[in-house]
Each structure stands twice: as C-alpha cells, then as structure tokens.
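Accompanying notes for the structure given below.
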Amino acid sequence: MTELAPTVDFIRDIISRDLGNLVNDGRLHTRFPPEPNGYLHIGHAKSICLNFGVAAEHPGGQCNLRFDDTNPEKEDVEYVDSIQEDVRWLGFTWEDRCFYASDYFSQLYQLAEKLIELGKAYVCDLSSVQMREYRGTLTEPGQESPNRNRGVAENLDLFRRMRAGEFPDGAKVLRAKIDMASPNMNMRDPTLYRIRRVIHHRTGGEWLIYPTYDYAHGLSDALECITHSLCTLEFEDHRPLYDWILDQLQLPCRPRQIEFSRLSLEYTVMSKRKLHALVQSGAVAGWDDPRMPTISGLRRRGFTPESIRDFCRCIGISKSPNRVEYALLENCLRTDLEARAPRAMAVLHPLKVIIENFPADRVEELTAANHPQNEAMGMRTLYFTQEIFIEQDDFREVASKEYKRLVLGGEVRLRNGYVIRCEEAVKDPISGEIVALRCVYDPATLNVNPVGRKVKGVIHWVSATRSVVGEVRLYAPLFTVSDPDGLKGEIVEYVNPESIQVLTNCRLEPSLASANGGIPFQFERLGYFHRDREARPDYPVFNRAVSLRDAWAKIEQRR
RNA sequence: UGGGCCGUCGCCAAGCGGUAAGGCCCCGGAUUUUGAUUCCGGUAUACCCAGGUUCGAAUCCUGGCGGCCCAGCCA
C-alpha cells in the first residue's frame, strides 16, 4: 500500500525549525528507549513510528534503539528479543545502532564521581521510609537530609564503597543536591544510584549499584549525541531534572526533551503492570494472545505493519489527553487488506444444502477471482457438488422485504457459482431444527444473470465433499467497557468472557488448508482471517482480525 | 489552599490575529455475483466559560471552570 505523507505535528514543527536554525549543527538524531521489562504494545508503536519516522523524513536523520535497562530486577533478555523482533516487524531499522543504558554503566559511574566532586551529589544514609518522610508533600516543602552537607572526600569514599559492596542493599543511595523546597517533587534531591545485589541480564554480577532512570536517561541521550529526546507527558515534570544533570556535567552533546501524550485505546489497557497481570493470571493465553494490544498480539490477530503505521499516522501527535476509538484501528486494517487480501470462502456455521438436480457423483470445477478488482492476483478453482454448505444465517423460512438471502421458495446466487432455489427445509422431527435444505440449481446462471427475474442476494458456500474442516476464532473487545483503566480493583476480573469464541466445525475451501504465513485472507462476506500459529497441516486454524463492515447487522440492530 | 500540562464536531486532529482543514464514526443516495469495495452528498454560525484588547480573536490579555500527571532507592 502506498503510505501517505506524514502529517505535521508540533514536534515535527520544532524539529524543522531546529534544523533550519542549524541547532546541533543541523543534525537530527532520535532514539526509541524501551525498558526490556515487558512486550511492546500499540502505544509503543506510536512512539516507534514517531522516533524512527521523523528520522527517516530528514536526510541524514537517524534513530537508535536503546534499551533502558537500569532496573535489573524487572528486566529480562526475553523482552529484549521480543522488542527487537517487534520493531523490525513494524518495518524499522536501527542498523548498527542498538544500544543499552548498561553499555554506559562505567561512564555513568565516572560522571557520578564528577558530580560528587562538583559538590552536586551526596551519599545519603536515610532509609526509603525516612526519605519519604523527609520529602515533604505536594503542598509542604521537604527537609534536608542530615547527610546533605557531607564533604566531597567522604562522599567519594562512601560512593566507592557502595560500588565495592561494603553496604547492604538499600543502606545508602547517591542523591543529587538540588532543592528540598522545590515545588517540583523531582527536584527534591532525587536518587541517582541505589545498591542492588541483582544479576543484570547483560552485565551479570559486575555491578552492585545501578543508576536510576532520571540519572541515566539524559546522560545516555547525550552520550549517543541524541538531538531530540521524545517521550510521553508523564516525564514533563522530569525535564527540569533532565536539564539540571546535563547542565552540571557539560557533555559535548546537548539533547532536548520534548513530551507528547501517550496513546490510549478504547476497550483495552496499555499499562505494563496490567498487561503483566492479564498474562500471569491466565486471563489471556500469553503476550501474543490475539486479544492483547501488544504488537505480537496484533500480529497474531492478523494486523499488518502497514495498518499499524497508518493508524499511528492517523492518530497524530499532540499533548491532549485522548482515548482513540477502536473503530479507527479497524478501519486502518480494513483499508490495507481490502486492497491486498486474497479472497476465499469459508462457512463458519454450516447448513447442508442438497442440490437435487445435480448428479451425486459429479464434481464441477468453477473458477473464481482471487480479488474482484485486481486481476493480477489470479484465479483459483472451486468445486461444485451435489451437497454444499451455506451459512445458517443465510437461510430463513419466511421472507421479509429487507432480507435478501435464501428463503423457502426463493432464489439466491451462490457466489462464484449458480443461482439456486430452495424447495424444502428438512427438519429434525423432534427438535424442529432445520438440518438441511433441498434446493435446485439453474444451470443457465453461471456467470450470467437469469432472464425474466431478478436475484438480489449473493451468499458464500463451500462444497460438502471438497472442503476441509477447520477452526475459526472470533474476537470481541477484551473488556466490555470502553475505559477499563477507570475500573476499581483487579483488571483481570473485568475481562470480557465473550472476548474469544472458538468455532470448531467450520468448513473451508480447499485452497485454505495449505495456506501459510503471508497476509490474511478475506473470507468473503465475513471479514479478514489470519492463519494462527497453532494450525496443523491437517487442521487449519484462523483468527478473525476484523470483520467486514456490515450494513445488514446495523439494520437488524435497529429493529 | 504546591508545581507541571491540557481543553476546537461522537472520537482523533489542523489552525500560530483575517473570518473553522482532514481522517474515523454516523446519516442519505448511486453502482455492485461480497448487505464488502468504490462513488456522490450531509453533518461545529462554532472553538470550556465570562470579561477585555482589536476594524477583525479559536488564535492576544485577565479571571474563572473542567480534566490529566507528580510525594518509587520504577520507567
């Protein structure tokens, strides 16, 4: 699909202006800085598209992938692997610029000693509980730590001993010496280093002290010569600290932090804590459960990288609080797949139809276009036999002027096939349930409209003997409320029990049995379906990524 | 009764003193062997509210109101 030009937003405005004014010598260098403590989700995609996207829009622009791995307690290589896979899948490349904050641990340590020498940082003995008490509140200033005025030599000695492992976890921290009375809580002598005897997924047991985000992030940006450090709104209050640290240390490069609002999407949650809870509780089948807003979940569901990029373009970048409608995401997928997805037929709720005037031993080959508007996608063979299946929904005993599918005594067109007329509905004598339909076909109607009468309905079908049994999974929103973040209590309890529906008796046209990988199919009249990784050669399994727009469903709802 | 940020159509979102872009949703209608697609057409006298400045304000000023974020040795 052709990708539309990115729209302009306030960040691109700032960058264009900076480039024009030769700020940073006219360089543009961004970074995408995930913490490897969970899987990427659609909110990260927004940031990825912004950071990698804006870099790609300018000659010489670059974007680094940088793992913000300063908290080994929560991090794991499983996540760094999945993050790389997801960024790549989305269509972006960091070339040889994949970095880790942990790459800079030594430099960060040296810089911390320099900060101490400058008299701008000190070792504090307060416990975390005491520190909270000393911090004050939103409306009252904090109190200075008793250790705040330790001499440089003592601070240096203590900090070195923290690194050497002379103190237990939590016994001491290194703090910035800023202003305990600042109205901005982040400036009340924030912690820069803490003692943690934890094996780091990359540096192993080399370090016993780890830098905090606030200390490591801006310096990592500066060390990589990032020009524009784009992050979400909750870091706005941290910007003064970001700037303060860079002001003290005076590195050669001076990045600038700009914040934008994070994405929230209707009927789902985006916080890693809640996503973890869903996975760990078993409420979903894993990070790549097709109901999850994770990149891996969307991928398994059948979303394409193109559609996700288009979605990110559509939602724009701003600072306003927002909650985007799920319909927009669906629209982006439909738009992409409408043009590219090969068509096929599958019957989800089979109803047997017996064509009484068609020989029982005959198999007629019919050809069907793989795409109605794109001949280049070729043709495929369909098999017409005496017994076929149609969708239960596509038959009604009684006609109504709105309903234009098959009714008793009425005619309907079989998609890519003949017109049939229903003569009789065969019912189970006990339950009264319709078990089969007796129909006749009109041999003169293949690729030709019947003369003298108008057949307005077209339904999909599959041969009873030349089709395969398979499984189809249909999805509904993970939560029934549009804003599950507003719910009280554990998020897991609010998962929509009908968010997944597994249909095990579906009938698929033969071409679908061997389908593998690639983009989803459009099952005509039903939606776009993507082969699931649990499918076996003898047992196809498909996930419905999104349904087709359904005007009939709307008409029925209004009734 | 601390600080920061935000408030333009149901949902996103342009707009940067000259008289409200666009997308999604929704509603009509045309074409259609997918009730799909496509195509036409409709949808904010109005920009949180109230004052003010100006020939002219969504855009500037003042004062309100509403929402979000911050008191991790998380990011």
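The sequence lines fix the lettering, A, B, ..., with proteins before strands; numbering per chain opens at 1. FYI, side chains are in, hydrogens and waters are out, and symmetry mates aren't considered; it's all heavy atoms of this structure.
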Is there a donor and acceptor pair closer than 3.5 Å between the side chain of [X] and the base of [N]?
X	N	result
A/R525	B/U34	no
A/E325	B/G10	yes
A/R405	B/G35	yes
A/Q373	B/U38	no
A/R549	B/U37	no
A/H238	B/A75	yes

By the 4.0 Å heavy-atom rule, please label [X] as base, sugar-phosphate, or nothing.
X	value
A/F235	base
A/Q522	base
A/P372	base

ask   = Which nucleotide sits closest to the side chain of A/D237: B/A36, B/C70, B/G35?
value =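 In terms of side-chain proximity for A/D237, the closest of B/A36, B/C70, B/G35 is B/C70.
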key: Of the listed nucleotides B/C6, B/C24, B/U33, the one nearest the side chain of A/A327   =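 For the A/A327 side chain, the nearest candidate turns out to be B/C24.
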ask   = Using a distance-only test with no angle check, is there a side-chain donor-acceptor pair under 3.5 angstrom linking A/Y79 and A/E35?
value = no
ask   = What's the CG-C1' distance between A/N186 and B/C70, to the nearest Å?
value =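 So the two atoms are 6 Å apart, to the nearest Å.
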ask   = In whole Å, what is the span from the CZ atom of A/F311 to the P atom of B/C11?
value =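 From A/F311 CZ to B/C11 P: 15 Å.
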Residue among A/I420, A/V419, A/D442, A/I459 satisfying side chain to side chain contact (heavy atoms under 4.5 Å, CB included) with A/R413 = A/V419
message = Would you call the rings of A/F523 and A/F529 parallel, tilted or perpendicular, taking 30° and 60° as the class edges?
response =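 A/F523 vs A/F529 ring planes: parallel.
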ask   = If we require ring centres under 5.5 Å and near-parallel planes under 30°, does A/W552 stack on B/G35?
value =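 Yes, aromatic ring over the base.
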inquiry  = Taking the basic N atoms (NZ, or NE/NH1/NH2) and the acidic carboxylate oxygens, is any pair closer than 4.0 Å for A/E391 and A/R525?
reply    =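 Not counted as a salt bridge, because no side-chain N and carboxylate O are separated by less than 4.0 Å.
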